[in-house]
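Before any comments, here is the structure.
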Amino acid sequence: MIELSSFSKSYSSKKDFAVKNVSLTINDGCITGLLGPNGSGKTTVMKAICGFHFPTQGRIKITSKDGLSFYTDENPELCMKYIGYVPEIPLLPKDMRVLDFLSYAAKTHEIPPEKIQEQCNRVIKECSLEKLLTKKIKTLSKGQQQRVSFAQAIIHNPPNLILDEPVSGLDPAQILQMRDLIQNLSKTKAILMSTHLLQEVYSLCSQIYIMNSGKIAAFGTENQIAKAAGTKTLEEAFVKLTAGEGE
């Protein structure tokens with residue numbers, strides 16, 4: 001589980017906040033959608049959760065399934081242990097072969113040598129990489145590279161997973177494969193998924209946060225958000241709230 005309490009982030013000494021007073025919870029066994037237009041603060045929130053930068057104000061608490069909790073600003077090194085991150089654009093070594101890269105990722109996460117093959121076999125199966133193991137990453141399609149990116153994010157079996165636009169640029173068949181993968185992973189992980197595609201929210205997310213101008217504009221299920229915004233659909237609510245017409 002991940003909890004943000006009154007999280008604010010400023011990138012300047014003038015206290016011009018990119019994100020202001022955001023509180024949200026990402027529950028175990030649940031896919032949480034993070035919606036918002038470009039510049040709304042979604043990336044700032046996700047990078048802070050992953051320990052790439054620290055809160056200017058507020059706290060971010062990570063809790064593992066065994067009940068161990070820590071704050072990212074106090075123990076940033078534990079972010080690598082308890083969080084997996086899949087960026088929108090896969091950040092992969094293009095000249096490495098898939099299996100070699102997975103072994104390298106396992107070593108990076110300090111998986112014991114005797115467990116590396118076991119963990120590689122697990123993510124190969126979960127991400128359907130069996131036919132790609134000897135191929136260089138640069139020869140893979142966008143969808144295949146995204147599956148490799150997922151595999152590296154879960155090689156250490158983290159309890160929390162952060163996904164930044166996970167289906168961006170994929171074709172319809174690849175999107176369906178990615179949905180199945182995310183749904184399967186959500187059975188054992190708390191997942192935060194940033195997306196601008198409402199169809200992915202309808203298909204995957206059980207709770208939704210809408211951000212606008214660095215703040216939370218709405219939270220709940222799609223029906224709850226639509227009702228609170230006085231609209232018939234989540235899409236209409238999103239347009240209203242991000243246009244500054246919502247409360």
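Computed from a predicted model, the values in this text were never measured in an experiment. Computation of the quantities below employed the complete heavy-atom set of this structure, encompassing side-chain atoms and omitting hydrogens, waters and symmetry-equivalent molecules.
- In this structure, the salt bridge (Lys or Arg N to Asp or Glu O under 4.0 Å) partners of Arg122, at least two apart in sequence or on a different chain, are Glu126.
- A donor-acceptor pair is defined here as one N or O able to donate and one able to accept, closer than 3.5 Å; such a pair exists between the side chain of His53 and the backbone of Thr44.
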### Query
Stepwise, does the side chain to side chain donor-acceptor pair (under 3.5 Å) test hold for Ser69 with Thr63?
CA-CA 4 Å; Ser69 297; Thr63 303; 2.9 Å; yes
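- Evaluation of the ring-ring contact (aromatic ring centres under 6.0 Å, His included) test over residues 124-143, restricted to residues two or more places apart or in two chains, returns none.
- Atom OG1 of residue Thr195 and atom CD1 of residue Ile31 lie 12.0 Å apart, to the nearest 0.5 angstrom.
- Residues passing the salt bridge (Lys or Arg N to Asp or Glu O under 4.0 Å) test with Lys94: none are found, sequence neighbours excluded.
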### Task
Please assess Ile210 against Leu234 for the test side chain to side chain contact (heavy atoms under 4.5 Å, CB included), listing each intermediate value before the final yes or no.
CA-CA 10 Å; Ile210 295 178; Leu234 176 63; 4.2 Å; yes
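- No side-chain heavy atom of Leu161 sits less than 4.5 Å from a side-chain heavy atom of Ile83.
- Heavy atoms only, all atoms of each residue included: Pro158 and Ala153 are closest at CG-O, 3.4 Å.
- Proximity of a side-chain donor or acceptor of Lys20 to a complementary backbone N or O of Gly214 within less than 3.5 Å is not detected.
- The shortest side-chain heavy-atom distance between Phe52 and Pro76 does not fall under the 4.5 Å cut-off.
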### Task
Please assess Glu110 against Lys81 for the test side chain to side chain contact (heavy atoms under 4.5 Å, CB included), listing each intermediate value before the final yes or no.
CA-CA 9 Å; Glu110 300 181 346; Lys81 184 174 182 180; over 6 Å; no
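- In this structure, the side chain of Thr72 does not engage the main chain of Gly51 through any donor-acceptor pair within 3.5 Å.
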### Query
Could you go step by step and tell me if Leu163 and Glu88 meet the side chain to side chain contact (heavy atoms under 4.5 Å, CB included) rule?
CA-CA 8 Å; Leu163 311 178; Glu88 178 179 1; over 6 Å; no
### Query
Please walk me through it: do Arg179 and Glu200 pass side chain to side chain contact (heavy atoms under 4.5 Å, CB included)?
CA-CA 8 Å; Arg179 282 183 194 166; Glu200 298 313 302; 2.9 Å; yes
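- Across every non-hydrogen atom of Ser6 and Ser23, the tightest pair is N-OG, 2.8 Å.
- Among residue pairs with one or both ends in residues 24-34, those qualifying as side chain to side chain donor-acceptor pair (under 3.5 Å) are Thr32-Gln207; sequence neighbours excluded.
- Residues passing the salt bridge (Lys or Arg N to Asp or Glu O under 4.0 Å) test with Glu77: none are found, sequence neighbours excluded.
- Side-chain contact between Leu132 and Leu99 is absent, with no heavy atoms from C-beta onward closer than 4.5 Å.
- Between Tyr85 and Ile49, the closest side-chain pair of non-hydrogen atoms is not below 4.5 Å.
- Atom CD1 in Ile175 sits 9.5 Å away from atom CE in Met178 (nearest 0.5 Å).
- Take Lys232 and apply the salt bridge (Lys or Arg N to Asp or Glu O under 4.0 Å) test, not counting sequence neighbours, and it matches no residue.
- Around CG of Leu68, the count of heavy atoms belonging to other residues, nucleotides or ligands within 6.0 Å exceeds 12.
- The one candidate from Ile154, Leu102, Ile155, Ile124 that meets the side chain to side chain contact (heavy atoms under 4.5 Å, CB included) condition with Gln119 is Ile155.
- Ionic pairing of Lys227 and Glu222 is not present here: no N-O contact between side-chain nitrogen and carboxylate oxygen is shorter than 4.0 angstrom.
- When all heavy atoms are compared, the tightest approach of Gln152 to Phe101 is CB-CE2, 3.7 Å.
- Environment of CD in Glu235: sparse, with no more than 12 heavy atoms of neighbouring residues, nucleotides or ligands closer than 6.0 Å.
- Note: Tyr82 and Phe70 have tilted aromatic rings, judged against thresholds of 30 and 60 degrees for the angle between ring planes.
- Note that the OH atom of Tyr209 and the CG atom of Leu4 stand 9.0 Å from one another [nearest 0.5 Å].
- Geometric assessment of Lys9 against the ring of Tyr11 yields a positive cation-pi assignment under the 6.0 Å and 45° thresholds.
- Pairing each heavy atom of Ala217 with each of Leu241, the nearest pair is O-CD2, 4.0 Å.
- Although no hydrogens or angles enter the test, the distance criterion places no donor-acceptor pair under 3.5 Å between the side chain of Gln146 and the main chain of Gly143.
- You'll find the side chain of Gln145 stays beyond 4.5 Å of the side chain of Lys142, heavy atoms only.
- A distance of 5.5 Å separates CZ of Arg59 from OH of Tyr71, quoted to the nearest 0.5 Å.
- Arg97 places a side-chain N or O within 3.5 Å of a backbone atom of Thr134 that can act as its donor or acceptor partner.
- The OG atom of Ser128 sits 7.5 Å away from the CG atom of Leu181 when rounded to the nearest 0.5 Å.
- Each of Phe238 and Val167 belongs to its own hydrophobic cluster when Ile, Leu, Val, Met, Phe, Trp and Tyr are linked at side-chain heavy-atom distances under 4.5 angstrom.
- The CD1 atom of Ile182 sits 5.5 Å away from atom CG of Leu204, with the distance rounded to the nearest 0.5 Å.
- With hydrogens and angles ignored, the 3.5 Å screen pairs a side-chain donor or acceptor of Lys240 with a backbone N or O of Ala229.
- The nearest pair of heavy atoms linking Cys205 to Met193 is SG-CE, 3.7 Å.
- Formation of a donor-acceptor pair under 3.5 Å by the Asp100 side chain with backbone atoms of Met96 is not found in this model.
- The heavy-atom pair separating Ile26 from Ala190 by the smallest distance is O-CB, 3.8 Å.
- No cation-pi contact links Lys107 to Tyr104, judged by a cut-off of 6.0 Å to the six-membered ring centre and 45° from its axis.
- Contact annotation: the side chain of Gln174 never approaches that of Gln144 to less than 4.5 Å [non-hydrogen atoms, C-beta and beyond].
- Counting only heavy atoms from C-beta outward, the side chains of Leu140 and Lys135 approach each other to under 4.5 Å.
- Residues Ile137 and Val98 are in side-chain contact: their nearest non-hydrogen atoms beyond the backbone lie under 4.5 Å apart.
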